[in-house]
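Since the structure comes first, as C-alpha coordinates, the remarks are kept for the end.
In what follows, chains are A, B, ... by sequence order, proteins preceding strands, each numbered from 1.
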Protein chains: 2
Amino acid sequence: MTTRVLVVDDEPQIVRALVINLKARHYEVDSAPDGRTALELAASRHPDVVVLDLGLPDMDGVDVIRGLRGWTRVPILVLSARHSSDEKVQALDAGADDYVTKPFGMDELLARLRAAVRRAEPAGPGEDDVTTVETEAFTVDLAAKKVNRGGRDVRLTPTEWHLLEVLVRNTGRLVGQRQLLQEVWGPSYGTETNYLRVYMAQLRRKLETDPAHPRHFITEPGMGYRFERE
Amino acid sequence: MTTRVLVVDDEPQIVRALVINLKARHYEVDSAPDGRTALELAASRHPDVVVLDLGLPDMDGVDVIRGLRGWTRVPILVLSARHSSDEKVQALDAGADDYVTKPFGMDELLARLRAAVRRAEPAGPGEDDVTTVETEAFTVDLAAKKVNRGGRDVRLTPTEWHLLEVLVRNTGRLVGQRQLLQEVWGPSYGTETNYLRVYMAQLRRKLETDPAHPRHFITEPGMGYRFERE
DNA sequence: GAGGTCTTTGACGCAACCCTGACGGATCGG
DNA sequence: CCGATCCGTCAGGGTTGCGTCAAAGACCTC
(Lines give C-alpha, C1' and ligand atoms only; values in the text may rest on other atoms or scores of the structure.)
Protein backbone atom coordinates (compact mmCIF):
# COMPACT_ATOMS: atom_id res chain seq x y z
CA MET A 1 0.00 0.00 0.00
CA THR A 2 1.51 3.28 -1.10
CA THR A 3 1.43 6.57 0.76
CA ARG A 4 -0.76 9.38 -0.53
CA VAL A 5 0.54 12.94 -0.29
CA LEU A 6 -1.38 16.17 -0.79
CA VAL A 7 0.82 19.06 -1.92
CA VAL A 8 -0.61 22.56 -1.44
CA ASP A 9 1.25 25.48 -3.00
CA ASP A 10 0.40 28.29 -5.40
CA GLU A 11 3.81 28.34 -7.08
CA PRO A 12 3.73 25.88 -9.95
CA GLN A 13 7.47 25.28 -10.04
CA ILE A 14 7.51 24.25 -6.40
CA VAL A 15 4.59 21.94 -6.93
CA ARG A 16 6.22 20.46 -9.97
CA ALA A 17 9.52 19.83 -8.18
CA LEU A 18 7.73 18.17 -5.29
CA VAL A 19 5.49 16.06 -7.45
CA ILE A 20 8.41 14.78 -9.50
CA ASN A 21 10.47 13.88 -6.47
CA LEU A 22 7.59 12.27 -4.64
CA LYS A 23 6.41 10.20 -7.58
CA ALA A 24 9.96 9.02 -8.19
CA ARG A 25 9.82 7.59 -4.68
CA HIS A 26 6.54 5.84 -5.32
CA TYR A 27 4.28 8.17 -3.43
CA GLU A 28 0.85 8.89 -4.76
CA VAL A 29 0.48 12.66 -5.15
CA ASP A 30 -2.41 15.10 -5.39
CA SER A 31 -1.89 18.85 -5.54
CA ALA A 32 -3.92 21.96 -4.85
CA PRO A 33 -3.09 25.61 -5.70
CA ASP A 34 -5.19 27.22 -2.96
CA GLY A 35 -6.82 26.64 0.39
CA ARG A 36 -10.33 25.85 -0.80
CA THR A 37 -9.15 23.17 -3.19
CA ALA A 38 -6.83 21.83 -0.53
CA LEU A 39 -9.63 21.32 1.97
CA GLU A 40 -11.84 19.71 -0.65
CA LEU A 41 -9.11 17.34 -1.82
CA ALA A 42 -8.17 16.44 1.72
CA ALA A 43 -11.76 15.48 2.37
CA SER A 44 -12.27 13.52 -0.81
CA ARG A 45 -8.89 11.82 -1.18
CA HIS A 46 -7.92 11.20 2.44
CA PRO A 47 -4.16 11.75 2.08
CA ASP A 48 -1.72 10.17 4.53
CA VAL A 49 0.22 13.43 4.84
CA VAL A 50 -0.23 17.07 3.74
CA VAL A 51 2.56 19.39 2.59
CA LEU A 52 1.20 22.90 2.99
CA ASP A 53 2.57 26.23 1.87
CA LEU A 54 1.35 29.03 4.11
CA GLY A 55 1.35 31.74 1.45
CA LEU A 56 -1.87 30.92 -0.36
CA PRO A 57 -3.87 33.36 -2.51
CA ASP A 58 -7.34 32.75 -1.12
CA MET A 59 -6.99 32.21 2.59
CA ASP A 60 -4.61 32.30 5.51
CA GLY A 61 -2.51 29.17 5.80
CA VAL A 62 -3.17 28.86 9.50
CA ASP A 63 -6.88 28.73 8.77
CA VAL A 64 -6.26 25.84 6.41
CA ILE A 65 -4.54 24.02 9.26
CA ARG A 66 -7.49 24.72 11.54
CA GLY A 67 -9.87 23.59 8.83
CA LEU A 68 -8.09 20.28 8.56
CA ARG A 69 -7.70 19.80 12.29
CA GLY A 70 -11.41 20.17 12.68
CA TRP A 71 -11.91 16.66 11.43
CA THR A 72 -8.63 14.89 10.83
CA ARG A 73 -5.30 14.17 12.48
CA VAL A 74 -3.44 13.71 9.22
CA PRO A 75 0.20 14.88 9.58
CA ILE A 76 0.68 18.43 8.25
CA LEU A 77 4.09 19.58 7.10
CA VAL A 78 4.18 23.35 6.65
CA LEU A 79 6.32 25.12 4.07
CA SER A 80 6.91 28.84 4.29
CA ALA A 81 9.10 31.62 3.01
CA ARG A 82 8.75 33.51 6.25
CA HIS A 83 11.43 33.01 8.84
CA SER A 84 9.45 34.83 11.46
CA SER A 85 9.43 32.90 14.68
CA ASP A 86 5.94 34.13 15.40
CA GLU A 87 4.45 32.55 12.33
CA LYS A 88 6.07 29.22 13.11
CA VAL A 89 4.63 29.25 16.58
CA GLN A 90 1.18 30.07 15.26
CA ALA A 91 1.26 27.31 12.67
CA LEU A 92 2.57 24.70 15.07
CA ASP A 93 0.09 25.61 17.76
CA ALA A 94 -2.74 25.50 15.26
CA GLY A 95 -1.94 21.86 14.76
CA ALA A 96 0.88 21.60 12.22
CA ASP A 97 3.35 18.78 12.77
CA ASP A 98 6.45 20.34 11.28
CA TYR A 99 7.64 23.60 9.76
CA VAL A 100 10.22 23.98 7.01
CA THR A 101 11.42 27.33 5.67
CA LYS A 102 12.02 27.96 2.00
CA PRO A 103 14.31 27.48 0.32
CA PHE A 104 14.44 23.93 1.57
CA GLY A 105 16.64 20.96 0.76
CA MET A 106 14.69 18.23 -0.95
CA ASP A 107 16.50 15.50 1.00
CA GLU A 108 15.60 17.12 4.27
CA LEU A 109 11.99 17.62 3.30
CA LEU A 110 11.64 14.01 2.27
CA ALA A 111 13.23 12.88 5.51
CA ARG A 112 10.80 15.01 7.52
CA LEU A 113 7.98 13.62 5.46
CA ARG A 114 9.06 10.06 6.19
CA ALA A 115 9.27 10.92 9.88
CA ALA A 116 5.75 12.35 9.88
CA VAL A 117 4.31 9.34 8.08
CA ARG A 118 6.18 6.83 10.23
CA ARG A 119 4.86 8.48 13.38
CA ALA A 120 1.26 8.29 12.24
CA GLU A 121 1.60 4.74 11.01
CA PRO A 122 0.03 2.65 13.76
CA ALA A 123 -2.71 5.20 14.30
CA GLY A 124 -5.29 2.99 12.69
CA PRO A 125 -7.78 2.27 15.46
CA GLY A 126 -10.31 1.30 12.85
CA GLU A 127 -8.06 -1.35 11.43
CA ASP A 128 -7.11 -3.22 14.56
CA ASP A 129 -10.42 -5.02 14.60
CA VAL A 130 -9.92 -6.41 11.15
CA THR A 131 -6.72 -8.15 12.06
CA THR A 132 -8.37 -11.02 13.89
CA VAL A 133 -11.28 -13.16 12.84
CA GLU A 134 -12.98 -15.57 15.20
CA THR A 135 -15.13 -18.61 14.68
CA GLU A 136 -16.39 -21.03 17.29
CA ALA A 137 -13.69 -23.48 16.23
CA PHE A 138 -10.61 -21.35 15.72
CA THR A 139 -9.17 -17.81 15.64
CA VAL A 140 -7.16 -16.21 12.85
CA ASP A 141 -4.82 -13.30 13.57
CA LEU A 142 -3.88 -11.73 10.25
CA ALA A 143 -1.27 -9.36 11.69
CA ALA A 144 0.60 -11.94 13.75
CA LYS A 145 0.05 -14.61 11.14
CA LYS A 146 -1.20 -16.95 13.81
CA VAL A 147 -4.02 -19.43 13.98
CA ASN A 148 -5.24 -20.63 17.33
CA ARG A 149 -7.49 -23.59 17.87
CA GLY A 150 -8.55 -24.72 21.28
CA GLY A 151 -5.73 -22.81 22.95
CA ARG A 152 -3.05 -24.39 20.79
CA ASP A 153 -1.29 -22.73 17.87
CA VAL A 154 -1.86 -24.43 14.56
CA ARG A 155 1.06 -24.74 12.16
CA LEU A 156 0.33 -23.67 8.63
CA THR A 157 2.66 -23.93 5.68
CA PRO A 158 3.21 -20.77 3.57
CA THR A 159 0.80 -21.91 0.87
CA GLU A 160 -1.86 -22.91 3.37
CA TRP A 161 -1.53 -19.58 5.10
CA HIS A 162 -1.67 -17.62 1.89
CA LEU A 163 -4.82 -19.41 0.84
CA LEU A 164 -6.44 -18.87 4.20
CA GLU A 165 -5.52 -15.21 4.07
CA VAL A 166 -7.26 -14.64 0.75
CA LEU A 167 -10.38 -16.45 1.89
CA VAL A 168 -10.58 -14.68 5.24
CA ARG A 169 -10.11 -11.28 3.67
CA ASN A 170 -13.22 -12.06 1.62
CA THR A 171 -15.25 -13.45 4.48
CA GLY A 172 -18.74 -14.33 3.36
CA ARG A 173 -17.96 -13.70 -0.29
CA LEU A 174 -17.41 -16.28 -2.94
CA VAL A 175 -13.86 -16.37 -4.30
CA GLY A 176 -13.56 -17.86 -7.78
CA GLN A 177 -11.09 -20.66 -8.31
CA ARG A 178 -9.22 -18.70 -10.94
CA GLN A 179 -8.82 -15.73 -8.64
CA LEU A 180 -7.76 -17.97 -5.80
CA LEU A 181 -5.17 -19.73 -7.92
CA GLN A 182 -3.74 -16.54 -9.29
CA GLU A 183 -3.52 -14.81 -5.93
CA VAL A 184 -1.77 -17.69 -4.24
CA TRP A 185 0.26 -19.38 -6.95
CA GLY A 186 0.77 -16.53 -9.38
CA PRO A 187 -0.82 -15.07 -12.50
CA SER A 188 0.10 -18.01 -14.72
CA TYR A 189 -1.85 -20.55 -12.67
CA GLY A 190 -5.49 -20.31 -13.69
CA THR A 191 -6.62 -23.88 -14.27
CA GLU A 192 -4.76 -26.10 -11.81
CA THR A 193 -7.86 -26.65 -9.71
CA ASN A 194 -6.37 -29.78 -8.20
CA TYR A 195 -4.03 -27.56 -6.17
CA LEU A 196 -7.08 -26.02 -4.59
CA ARG A 197 -8.60 -29.36 -3.77
CA VAL A 198 -5.44 -30.54 -2.05
CA TYR A 199 -4.86 -27.39 -0.03
CA MET A 200 -8.47 -26.82 0.91
CA ALA A 201 -8.40 -30.34 2.29
CA GLN A 202 -5.32 -29.47 4.36
CA LEU A 203 -6.96 -26.36 5.73
CA ARG A 204 -10.11 -28.21 6.64
CA ARG A 205 -8.18 -31.01 8.27
CA LYS A 206 -6.24 -28.54 10.37
CA LEU A 207 -9.05 -26.14 11.23
CA GLU A 208 -12.51 -27.67 10.86
CA THR A 209 -14.03 -29.56 13.74
CA ASP A 210 -15.39 -32.14 11.31
CA PRO A 211 -13.31 -31.96 8.11
CA ALA A 212 -15.75 -34.20 6.27
CA HIS A 213 -18.59 -31.74 6.83
CA PRO A 214 -16.98 -28.31 6.70
CA ARG A 215 -18.83 -25.41 8.30
CA HIS A 216 -16.44 -22.60 7.42
CA PHE A 217 -14.67 -23.56 4.22
CA ILE A 218 -17.58 -23.97 1.88
CA THR A 219 -17.24 -25.39 -1.58
CA GLU A 220 -19.31 -23.86 -4.36
CA PRO A 221 -19.19 -26.55 -7.03
CA GLY A 222 -17.88 -25.33 -10.35
CA MET A 223 -17.23 -21.83 -9.07
CA GLY A 224 -14.94 -21.53 -6.10
CA TYR A 225 -14.76 -21.44 -2.33
CA ARG A 226 -16.13 -19.28 0.43
CA PHE A 227 -15.14 -18.66 4.02
CA GLU A 228 -18.00 -18.27 6.49
CA ARG A 229 -17.53 -17.21 10.08
CA GLU A 230 -20.36 -19.33 11.32
CA MET B 1 -0.53 15.46 35.08
CA THR B 2 2.47 17.49 34.00
CA THR B 3 4.73 16.75 31.07
CA ARG B 4 8.18 15.39 31.76
CA VAL B 5 11.05 16.53 29.54
CA LEU B 6 14.53 15.06 29.29
CA VAL B 7 17.13 17.57 28.09
CA VAL B 8 20.38 16.12 26.75
CA ASP B 9 23.23 18.51 26.05
CA ASP B 10 26.84 18.86 27.10
CA GLU B 11 26.84 22.67 27.14
CA PRO B 12 25.75 23.81 30.60
CA GLN B 13 24.48 27.19 29.46
CA ILE B 14 22.13 25.64 26.94
CA VAL B 15 20.85 23.20 29.50
CA ARG B 16 20.36 25.99 31.99
CA ALA B 17 18.44 28.15 29.54
CA LEU B 18 16.18 25.29 28.59
CA VAL B 19 15.58 24.16 32.13
CA ILE B 20 14.62 27.65 33.23
CA ASN B 21 12.23 28.19 30.37
CA LEU B 22 10.66 24.78 30.68
CA LYS B 23 10.19 24.94 34.42
CA ALA B 24 8.63 28.38 34.06
CA ARG B 25 6.00 26.71 31.88
CA HIS B 26 5.39 23.97 34.42
CA TYR B 27 7.22 21.19 32.72
CA GLU B 28 9.08 18.67 34.82
CA VAL B 29 12.68 18.56 33.65
CA ASP B 30 15.54 16.09 33.87
CA SER B 31 18.87 16.69 32.17
CA ALA B 32 21.80 14.61 31.05
CA PRO B 33 25.24 15.77 29.85
CA ASP B 34 26.07 12.72 27.74
CA GLY B 35 24.57 9.76 25.87
CA ARG B 36 25.03 7.14 28.55
CA THR B 37 23.30 9.18 31.20
CA ALA B 38 20.59 10.11 28.72
CA LEU B 39 19.72 6.47 27.99
CA GLU B 40 19.73 5.61 31.67
CA LEU B 41 17.52 8.54 32.60
CA ALA B 42 15.16 7.83 29.74
CA ALA B 43 14.74 4.28 31.01
CA SER B 44 14.29 5.19 34.65
CA ARG B 45 12.25 8.39 34.37
CA HIS B 46 10.11 7.68 31.27
CA PRO B 47 10.02 11.24 29.91
CA ASP B 48 7.17 12.35 27.65
CA VAL B 49 9.60 14.01 25.26
CA VAL B 50 13.37 14.12 24.77
CA VAL B 51 15.35 17.17 23.60
CA LEU B 52 18.61 15.82 22.30
CA ASP B 53 21.78 17.60 21.23
CA LEU B 54 23.66 15.54 18.66
CA GLY B 55 27.12 16.75 19.67
CA LEU B 56 27.72 14.64 22.72
CA PRO B 57 31.12 13.82 24.20
CA ASP B 58 30.75 10.09 24.68
CA MET B 59 28.76 8.75 21.74
CA ASP B 60 27.27 9.57 18.37
CA GLY B 61 23.92 11.30 18.71
CA VAL B 62 22.33 9.09 16.08
CA ASP B 63 23.24 6.07 18.17
CA VAL B 64 21.44 7.64 21.10
CA ILE B 65 18.34 7.90 18.91
CA ARG B 66 18.67 4.27 17.91
CA GLY B 67 19.20 3.29 21.51
CA LEU B 68 15.95 4.96 22.48
CA ARG B 69 14.00 3.69 19.50
CA GLY B 70 14.94 0.15 20.44
CA TRP B 71 12.34 0.23 23.16
CA THR B 72 10.33 3.45 23.16
CA ARG B 73 8.38 5.71 20.84
CA VAL B 74 8.87 8.80 22.98
CA PRO B 75 9.07 11.94 20.79
CA ILE B 76 12.67 13.00 20.14
CA LEU B 77 13.46 16.59 19.27
CA VAL B 78 17.00 16.92 17.96
CA LEU B 79 19.16 19.99 18.48
CA SER B 80 22.29 20.47 16.45
CA ALA B 81 24.84 23.07 15.46
CA ARG B 82 25.37 21.35 12.13
CA HIS B 83 23.33 22.58 9.21
CA SER B 84 24.37 19.67 7.05
CA SER B 85 21.37 18.21 5.30
CA ASP B 86 22.90 14.77 5.51
CA GLU B 87 22.97 14.78 9.27
CA LYS B 88 19.35 15.86 9.44
CA VAL B 89 18.31 13.03 7.17
CA GLN B 90 20.27 10.51 9.22
CA ALA B 91 18.79 11.68 12.49
CA LEU B 92 15.24 11.77 11.19
CA ASP B 93 15.51 8.36 9.55
CA ALA B 94 16.98 6.93 12.71
CA GLY B 95 13.72 7.83 14.40
CA ALA B 96 13.91 11.48 15.46
CA ASP B 97 10.68 13.45 15.30
CA ASP B 98 12.03 16.92 14.65
CA TYR B 99 15.30 18.67 14.01
CA VAL B 100 16.19 22.20 15.07
CA THR B 101 19.48 23.91 14.26
CA LYS B 102 21.33 26.09 16.73
CA PRO B 103 21.06 28.85 17.40
CA PHE B 104 17.37 28.44 17.90
CA GLY B 105 14.59 30.72 19.02
CA MET B 106 13.19 29.66 22.35
CA ASP B 107 9.62 30.36 21.25
CA GLU B 108 9.98 28.16 18.21
CA LEU B 109 11.56 25.36 20.17
CA LEU B 110 8.77 25.43 22.71
CA ALA B 111 6.18 25.40 19.95
CA ARG B 112 7.82 22.39 18.33
CA LEU B 113 7.94 20.73 21.69
CA ARG B 114 4.23 21.32 22.22
CA ALA B 115 3.55 19.92 18.77
CA ALA B 116 5.56 16.79 19.49
CA VAL B 117 3.86 16.20 22.81
CA ARG B 118 0.37 16.88 21.46
CA ARG B 119 0.91 14.39 18.66
CA ALA B 120 1.99 11.64 21.00
CA GLU B 121 -0.85 12.30 23.44
CA PRO B 122 -3.31 9.54 22.55
CA ALA B 123 -0.66 6.91 23.09
CA GLY B 124 -2.17 3.52 22.48
CA PRO B 125 -2.89 1.88 25.81
CA GLY B 126 -1.30 -1.33 24.63
CA GLU B 127 1.93 0.30 23.61
CA ASP B 128 3.23 1.53 26.91
CA ASP B 129 6.98 1.42 27.06
CA VAL B 130 7.89 -2.11 27.88
CA THR B 131 11.54 -2.10 28.72
CA THR B 132 11.96 -5.67 29.89
CA VAL B 133 10.61 -8.95 28.65
CA GLU B 134 10.82 -12.07 30.75
CA THR B 135 10.68 -15.72 29.90
CA GLU B 136 11.23 -18.63 32.19
CA ALA B 137 14.71 -19.05 30.71
CA PHE B 138 16.01 -15.50 30.38
CA THR B 139 15.24 -11.78 30.71
CA VAL B 140 15.73 -9.11 28.07
CA ASP B 141 16.15 -5.48 29.08
CA LEU B 142 15.66 -3.44 25.94
CA ALA B 143 16.62 -0.12 27.49
CA ALA B 144 19.80 -1.31 29.14
CA LYS B 145 20.64 -3.58 26.21
CA LYS B 146 21.22 -6.46 28.56
CA VAL B 147 20.19 -10.07 28.60
CA ASN B 148 20.23 -12.00 31.82
CA ARG B 149 20.08 -15.74 32.07
CA GLY B 150 20.21 -17.55 35.36
CA GLY B 151 21.63 -14.51 37.13
CA ARG B 152 24.48 -14.08 34.67
CA ASP B 153 24.65 -11.51 31.90
CA VAL B 154 24.77 -13.02 28.45
CA ARG B 155 27.21 -11.51 26.01
CA LEU B 156 25.63 -10.70 22.63
CA THR B 157 27.34 -9.33 19.55
CA PRO B 158 25.83 -6.21 17.94
CA THR B 159 24.14 -8.19 15.19
CA GLU B 160 22.76 -10.75 17.61
CA TRP B 161 21.37 -7.97 19.75
CA HIS B 162 19.81 -6.15 16.84
CA LEU B 163 18.11 -9.32 15.68
CA LEU B 164 16.85 -10.07 19.16
CA GLU B 165 15.55 -6.53 19.48
CA VAL B 166 13.47 -6.73 16.33
CA LEU B 167 12.01 -10.07 17.35
CA VAL B 168 11.23 -9.00 20.90
CA ARG B 169 9.60 -5.77 19.74
CA ASN B 170 7.23 -7.98 17.78
CA THR B 171 6.62 -10.51 20.51
CA GLY B 172 4.09 -13.08 19.39
CA ARG B 173 3.97 -11.78 15.85
CA LEU B 174 5.57 -13.44 12.90
CA VAL B 175 8.39 -11.39 11.38
CA GLY B 176 9.04 -12.19 7.72
CA GLN B 177 12.56 -13.08 6.74
CA ARG B 178 12.77 -10.19 4.32
CA GLN B 179 11.70 -7.69 6.96
CA LEU B 180 14.12 -9.18 9.44
CA LEU B 181 17.01 -9.00 7.01
CA GLN B 182 16.27 -5.46 5.99
CA GLU B 183 15.85 -4.18 9.52
CA VAL B 184 19.06 -5.73 10.77
CA TRP B 185 21.39 -5.74 7.78
CA GLY B 186 19.95 -2.92 5.66
CA PRO B 187 17.48 -2.43 2.82
CA SER B 188 19.66 -4.15 0.22
CA TYR B 189 19.75 -7.46 2.06
CA GLY B 190 16.45 -9.09 1.22
CA THR B 191 17.44 -12.58 0.23
CA GLU B 192 20.50 -13.67 2.23
CA THR B 193 18.47 -16.01 4.38
CA ASN B 194 21.60 -17.88 5.42
CA TYR B 195 22.48 -14.94 7.65
CA LEU B 196 19.27 -15.54 9.51
CA ARG B 197 19.97 -19.23 9.89
CA VAL B 198 23.41 -18.57 11.34
CA TYR B 199 22.35 -15.84 13.76
CA MET B 200 19.16 -17.49 14.89
CA ALA B 201 21.32 -20.47 15.76
CA GLN B 202 23.60 -18.21 17.80
CA LEU B 203 20.70 -16.68 19.66
CA ARG B 204 19.21 -20.06 20.42
CA ARG B 205 22.54 -21.44 21.58
CA LYS B 206 22.99 -18.51 23.94
CA LEU B 207 19.43 -18.19 25.21
CA GLU B 208 17.35 -21.32 24.77
CA THR B 209 17.42 -23.99 27.44
CA ASP B 210 17.45 -26.64 24.74
CA PRO B 211 18.74 -25.07 21.51
CA ALA B 212 17.75 -28.13 19.50
CA HIS B 213 14.09 -27.72 20.52
CA PRO B 214 13.55 -23.97 20.79
CA ARG B 215 10.60 -22.75 22.80
CA HIS B 216 10.97 -19.02 22.24
CA PHE B 217 12.61 -18.54 18.88
CA ILE B 218 10.20 -20.29 16.60
CA THR B 219 10.86 -20.74 12.94
CA GLU B 220 7.97 -20.70 10.51
CA PRO B 221 9.33 -22.51 7.47
CA GLY B 222 9.29 -20.44 4.34
CA MET B 223 7.97 -17.35 6.08
CA GLY B 224 10.09 -16.09 8.95
CA TYR B 225 10.65 -16.25 12.69
CA ARG B 226 8.65 -15.48 15.78
CA PHE B 227 9.54 -14.74 19.37
CA GLU B 228 7.21 -16.25 21.94
CA ARG B 229 7.37 -15.47 25.63
CA GLU B 230 6.11 -18.79 26.80
C1' DG C 1 51.69 -5.91 13.09
C1' DA C 2 49.66 -9.63 15.96
C1' DG C 3 45.74 -11.49 18.34
C1' DG C 4 41.08 -11.53 19.19
C1' DT C 5 36.25 -10.91 18.08
C1' DC C 6 32.66 -10.50 14.87
C1' DT C 7 30.75 -11.23 10.30
C1' DT C 8 30.36 -13.53 6.03
C1' DT C 9 30.45 -17.54 3.18
C1' DG C 10 30.30 -22.42 1.68
C1' DA C 11 29.12 -27.36 2.24
C1' DC C 12 26.39 -31.06 3.94
C1' DG C 13 22.57 -33.88 6.07
C1' DC C 14 17.96 -33.83 7.07
C1' DA C 15 13.28 -32.53 7.51
C1' DA C 16 9.41 -30.09 5.59
C1' DC C 17 6.92 -28.70 1.88
C1' DC C 18 4.93 -28.73 -2.84
C1' DC C 19 3.48 -31.06 -6.73
C1' DT C 20 1.56 -35.06 -8.98
C1' DG C 21 -1.18 -38.98 -10.19
C1' DA C 22 -4.54 -42.42 -8.99
C1' DC C 23 -8.73 -43.71 -6.88
C1' DG C 24 -13.46 -43.32 -5.04
C1' DG C 25 -17.70 -40.77 -4.01
C1' DA C 26 -21.27 -37.44 -5.14
C1' DT C 27 -24.17 -34.98 -8.28
C1' DC C 28 -26.41 -34.18 -12.60
C1' DG C 29 -28.18 -34.98 -17.15
C1' DG C 30 -29.14 -37.98 -20.85
C1' DC D 1 -29.20 -46.88 -15.56
C1' DC D 2 -24.99 -45.09 -17.14
C1' DG D 3 -21.54 -41.78 -18.29
C1' DA D 4 -19.46 -37.35 -17.41
C1' DT D 5 -17.87 -34.00 -14.43
C1' DC D 6 -16.31 -32.27 -10.30
C1' DC D 7 -14.64 -32.77 -5.71
C1' DG D 8 -12.23 -35.07 -1.71
C1' DT D 9 -8.56 -38.14 -0.15
C1' DC D 10 -4.20 -40.37 0.04
C1' DA D 11 0.57 -41.44 -0.58
C1' DG D 12 4.98 -41.20 -2.97
C1' DG D 13 8.96 -38.45 -5.08
C1' DG D 14 11.42 -34.33 -6.27
C1' DT D 15 12.65 -29.99 -4.56
C1' DT D 16 13.30 -26.49 -1.37
C1' DG D 17 14.49 -24.65 3.01
C1' DC D 18 16.51 -25.12 7.60
C1' DG D 19 20.11 -26.25 11.12
C1' DT D 20 24.83 -27.09 11.85
C1' DC D 21 29.64 -26.78 11.48
C1' DA D 22 33.87 -24.91 10.00
C1' DA D 23 36.83 -21.80 7.85
C1' DA D 24 37.96 -17.53 5.57
C1' DG D 25 37.55 -12.55 5.59
C1' DA D 26 36.89 -7.96 7.90
C1' DC D 27 37.45 -5.12 11.79
C1' DC D 28 39.22 -3.48 16.14
C1' DT D 29 42.44 -3.36 20.02
C1' DC D 30 46.65 -3.43 21.88
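When each of A:L110, A:L113, A:V29, A:L109 is checked for a side-chain contact (heavy atoms from CB on, under 4.5 Å) with A:L18, only A:L109 meets the rule. Under the ring-ring contact (aromatic ring centres under 6.0 Å, His included) test applied with A:Y199, the options A:W161, A:Y225, A:W185 reduce to a single match, A:W185.
Between the CZ atom of B:F217 and the P atom of D:dT20 there is a distance of 14 Å, given to the nearest Å. Atom CE in B:M200 sits about 18 Å away from atom P in D:dG17, given to the nearest Å. Between the C1' atom of D:dT16 and the CG atom of B:L196 lies a distance of 16 Å, rounded to the nearest Å. For the pair B:Q202 CD and D:dC18 C1', the interatomic distance rounds to 15 Å; values are reported in whole Å. In this structure, NE2 of A:H213 is placed 12 Å from P of D:dG8, rounded to the nearest angstrom. Look at CG on A:L181: it is 11 Å from P on D:dC7, rounded to the nearest Å.
When all heavy atoms are compared, the tightest approach of B:P221 to A:P158 is O-CG, 3.2 Å. Annotation for B:G70 and B:L142: closest pair O-CD1, 4.0 Å, computed over non-hydrogen atoms.
Taking a heavy-atom distance under 4.0 Å as the criterion, the stretch of DNA chain C touched by chain A extends 5' to 3' from C:dC17 to C:dT20.
Residue B:Q177 is classed as a sugar-phosphate contact, given heavy-atom separations below 4.0 Å to backbone atoms only. Among the protein residues, B:W161 comes within range of no part of the nucleic acid, since none of its heavy atoms lies under 4.0 Å from any strand. Among the heavy atoms of the strands lying under 4.0 Å from A:Y195 are primed sugar atoms or P, OP1, OP2 only; no base atom is included.
Where B:M223 and B:V198 each meet DNA chain D at their nearest nucleotide, the meeting point lying more 5' is that of B:M223. The 5' end of DNA chain C is approached more closely, in terms of each residue's nearest nucleotide, by B:L156 than by the other of B:N194 and B:L156. Across the interface with DNA chain C, nearest-nucleotide mapping of B:R155 and B:E192 shows B:R155 to be the residue nearer the 5′ end.
A donor-acceptor pair under 3.5 Å links the side-chain atoms of B:R4 to the main chain of B:R45, judged by distance alone.
Between B:R119 and B:D98 there is no salt bridge, since no side-chain N of the basic residue sits under 4.0 Å from a carboxylate O of the acidic one.
The side chain to side chain donor-acceptor pair (under 3.5 Å) test applied to B:E160 returns B:K206, not counting sequence neighbours.
Side-chain N/O atoms of A:R204 include one lying less than 4.0 angstrom from OP1 or OP2 on D:dG8. For the pair A:Y225 and D:dG8, the criterion of a side-chain N or O lying under 4.0 Å from OP1 or OP2 is met.
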